[in-house]
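Whatever order the structure lists them in is the order used to number ligands and atoms, beginning at 1.
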Amino acid sequence: MDFTSPIQMVDLLSQHQKIQMELDSAVLKVAHSGSYVNGPEVKIFTEGLKTFLGVEHVIPCANGTDALQIALMSLGLKSGDEVITAAFTYIATAEVISLLGLKAVLVDVEPDYFGLDIDQVESAITSKTKAIIPVHLYGQAANMERLNSIALKYELEIIEDSAQSMGAKYNFSDGRTEMLGTIGTIGCTSFFPSKNLGCMGDGGALFTNDRVLAERIKMISNHGQKIKYQHDVIGCNSRLDTIQAAILSVKLNYLEEYNSSRQRAAYFYDQGLGNLSTLQIPKRRKDSSHVYHQYTLRVLDGSRDSLAKFLNDKGIPSMIYYPFPLHFQKAFKSDQYPIGSLPVSEKLSSQVLSLPMHSELDEQIQVYIVETIKKFYEV
Ligand SMILES: *Cc1c(COP(=O)(O)O)cnc(C)c1O
């Protein structure tokens, strides 16, 4: 099949071109204002995001990894305190725990939904455990209802890694619905260009409903100062650029539309691939919407790598998020987690394959991708 341009995992340029005039004028306005750091656009964007999320406080920062780091710093943990997180996630989630001298305690995930396995979280809790970082991987929630009750029972803080789940909602059994990222003590997100809400460089933010924590977070992200040149705590320098904030204000208006496009594309893949016995299409939780940061298959018969190669030969990109669980990384290797100790994460790393997914995915391209996958399995 011949398409005018190569198929892409993520097509940022097409998304850009549709609203280019709006974005250009937002960027130029900042360029011509001379106000490049903490300009008025930063406040405008954070106010917009507050309204969108229904959260009391949004504190912007330089990227999603910083958001996670600042969140941990704001909780005032001591060296050696333990933070529980998933073994199957992006390195950033756990990296910041170790970087701060805290102990990353890795637990397995649910094989069907890729979120924290809550039974294992509970078994991993010790007297040193202070916080849990659930990751809403690929755009769908971890089991927040159960996690909340465990956090209450053991008096632990929850930091949500919402880098992949902007705009997704969680439904509690009492009928309440809340945006992911606003449920835990602190939520963290990233505005990396390929995320569901992405800017033209790096960006991130923290969310909280706790006023005192919000003040602390602001202070930490600004060199530990509330008043200029009075540094109360050790902080860091982590800001969202004015120009990125201006871009994000424009894109926030389209986030729901972008997420709906992703959901449409996901259902299209589902229809085409749902009855192949070798593939498990993404399963949906009843308690969460799914915003498909990734559309990730599980290839159940060991053919993942040869399928990826076949697709690549036919001009179809695919990606493995993530090829190794964290305890297989040199940086995290320890006797505590030998091979076989986190079996679900290990298995998922050998099974997952993410297909092209973005807000501008063309149906013709999806037909071609589905047909090519079927051809590989000769169905
Ligand atoms: C992207 C991402 C991050 C880090 O965000 P950056 O802005 O790249 O620092 C953290 N956690 C997860 C799950 C991510 O996908």
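- Residue Met200 forms a side chain to side chain contact (heavy atoms under 4.5 Å, CB included) with just one option from Leu23, Leu248, Leu12, and that option is Leu23.
- To the nearest 0.5 Å, atoms CE (Met179) and CG (Leu53) are separated by 5.5 Å.
- When the salt bridge (Lys or Arg N to Asp or Glu O under 4.0 Å) test is applied to Glu371, no partner is found at least two apart in sequence or on another chain.
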Quick one: ligand 1 N/O to protein N/O pairs below 3.5 Å?
residue  : atom   : partner : partner atom : Å
ligand 1 : 5 (O)  : Ser190  : OG           : 3.4
ligand 1 : 7 (O)  : Gly64   : N            : 2.8
ligand 1 : 7 (O)  : Ser190  : OG           : 2.7
ligand 1 : 9 (O)  : Gly64   : N            : 3.3
ligand 1 : 9 (O)  : Thr65   : N            : 2.8
ligand 1 : 9 (O)  : Thr65   : OG1          : 2.5
ligand 1 : 11 (N) : Asp161  : OD1          : 3.3
ligand 1 : 11 (N) : Asp161  : OD2          : 2.8
ligand 1 : 15 (O) : Gln164  : NE2          : 2.8
ligand 1 : 15 (O) : Lys195  : NZ           : 2.8

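- In this pair, His231 and Tyr229 present their aromatic rings perpendicular. The plane angle is above 60°, beyond the 30 to 60° band.
- Criterion: ILVMFWY side-chain heavy atoms under 4.5 Å apart, direct or through other members. Under it, Leu180 and Leu197 are not part of a common hydrophobic cluster.
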Decide yes or no on side-chain hydrogen bond (donor to acceptor under 3.5 Å, both in side chains) for His293 and Asn196, but give the supporting numbers first. CA-CA 6 Å; His293 176 62; Asn196 292 44; 3.1 Å; yes
